[in-house]
Amino acid sequence: MFVMEQSFYERVYKIASKIPKGKVTTYREIARKLKSRAYQAVGTAMNKNPYSVKKKNQIYVACHRVVNSNGRVGGFASETKNKVKMLKREGVEVVDGKVDLKIYGWKNF
DNA sequence: CGGTTGACCAAGT
DNA sequence: GACTTGGCCAACC
């Protein structure tokens, strides 16, 4: 059985999966919702994120909807072009791997 | 328990 | 605008 360890990461996944379509959020915001400033840990969580597993019990994390505070698309840089496509398909305008946080910034506290 | 790391952030140079 | 430095927090060794 899945032993979803109740770690800091899982909370991150849940929040990340909460991101509405056509919006993006930053690591900072996620950390903030966790009552922490662990933006770093959030990033690390994403890195180990089982987003590929789209099972029923599994959480799907839209990594591409998570960006840095600068609006720059994060570490998936090598595949950024692909993610950018996805984001655009969701209605998010991405320019040079960057997003307008003023417009698409997720502020659904 | 200390040092390293990580898809980070902000301010300074 | 690019690079450096310090800070931040959780996980890993």
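In this text the structure is predicted, and so the values were computed from the model without any measurement. So that the names make sense, note that chain A is the first sequence line, chain B the second, and so on, each numbered from 1.
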- [ ] Calculate, to the nearest 0.5 Å, the distance between atoms OH and CG belonging to A:Y9 and A:N47 respectively.
- [x] 8.5 Å

- [ ] Heavy atoms under 4.0 Å is the rule here; annotate nucleotides 3-8 of chain C 5' to 3' with B where the base is hit, S where only the sugar-phosphate is, and - elsewhere.
- [x] ----BB

Open item on the list: Tell me if a side-chain donor or acceptor on A:Y13 pairs with a main-chain N or O of A:A45 at a distance below 3.5 Å.
Closed with: yes

TODO: Provide, to the nearest angstrom, the distance between the CD1 atom belonging to A:I30 and the P atom belonging to B:dC8.
DONE: 12 Å

- [ ] List the atom of A:S69, the atom of A:L101, and the distance in Å for their closest heavy-atom pair.
- [x] O-CD1, 2.9 Å

Open item on the list: Taking the six-membered ring of A:W106 as reference, does the cationic atom of A:K33 (NZ for Lys, CZ for Arg) lie under 6.0 Å from its centre and within 45° of its axis?
Closed with: yes

Open item on the list: If you compare every side-chain N and O of A:N68 against the phosphate oxygens of B:dC9 (OP1, OP2), does one of them come in below 4.0 Å?
Closed with: yes

- [ ] Please test A:I19 against A:V66 for side chain to side chain contact (heavy atoms under 4.5 Å, CB included), starting from the C-alpha separation and ending with a verdict.
- [x] CA-CA 9 Å; A:I19 304 173; A:V66 184; 3.8 Å; yes

Open item on the list: Between P on C:dA10 and OH on A:Y13, what's the gap in Å once rounded to a whole number?
Closed with: 15 Å

Open item on the list: Would you compute the distance between atom NZ of A:K21 and atom CZ of A:R89 and round it to the nearest 0.5 angstrom?
Closed with: 8.0 Å

Open item on the list: Show the nearest heavy-atom pair for residues A:R37 and A:A31, with the distance to one decimal.
Closed with: C-CB, 4.1 Å

TODO: For A:E90, enumerate each residue passing the salt bridge (Lys or Arg N to Asp or Glu O under 4.0 Å) test, keeping only those at least two apart in sequence or located in another chain.
DONE: A:R65

Close N/O contacts between protein and nucleotides 11-13 of chain C (under 3.5 Å):
unit_1	atom_1	unit_2	atom_2	d
C:dA11	OP1	A:F8	N	3.3
C:dA11	O4'	A:Y9	OH	3.4

Open item on the list: With a cut-off of less than 4.0 Å, is there a side-chain N or O of A:N47 near OP1 or OP2 of B:dG6?
Closed with: no

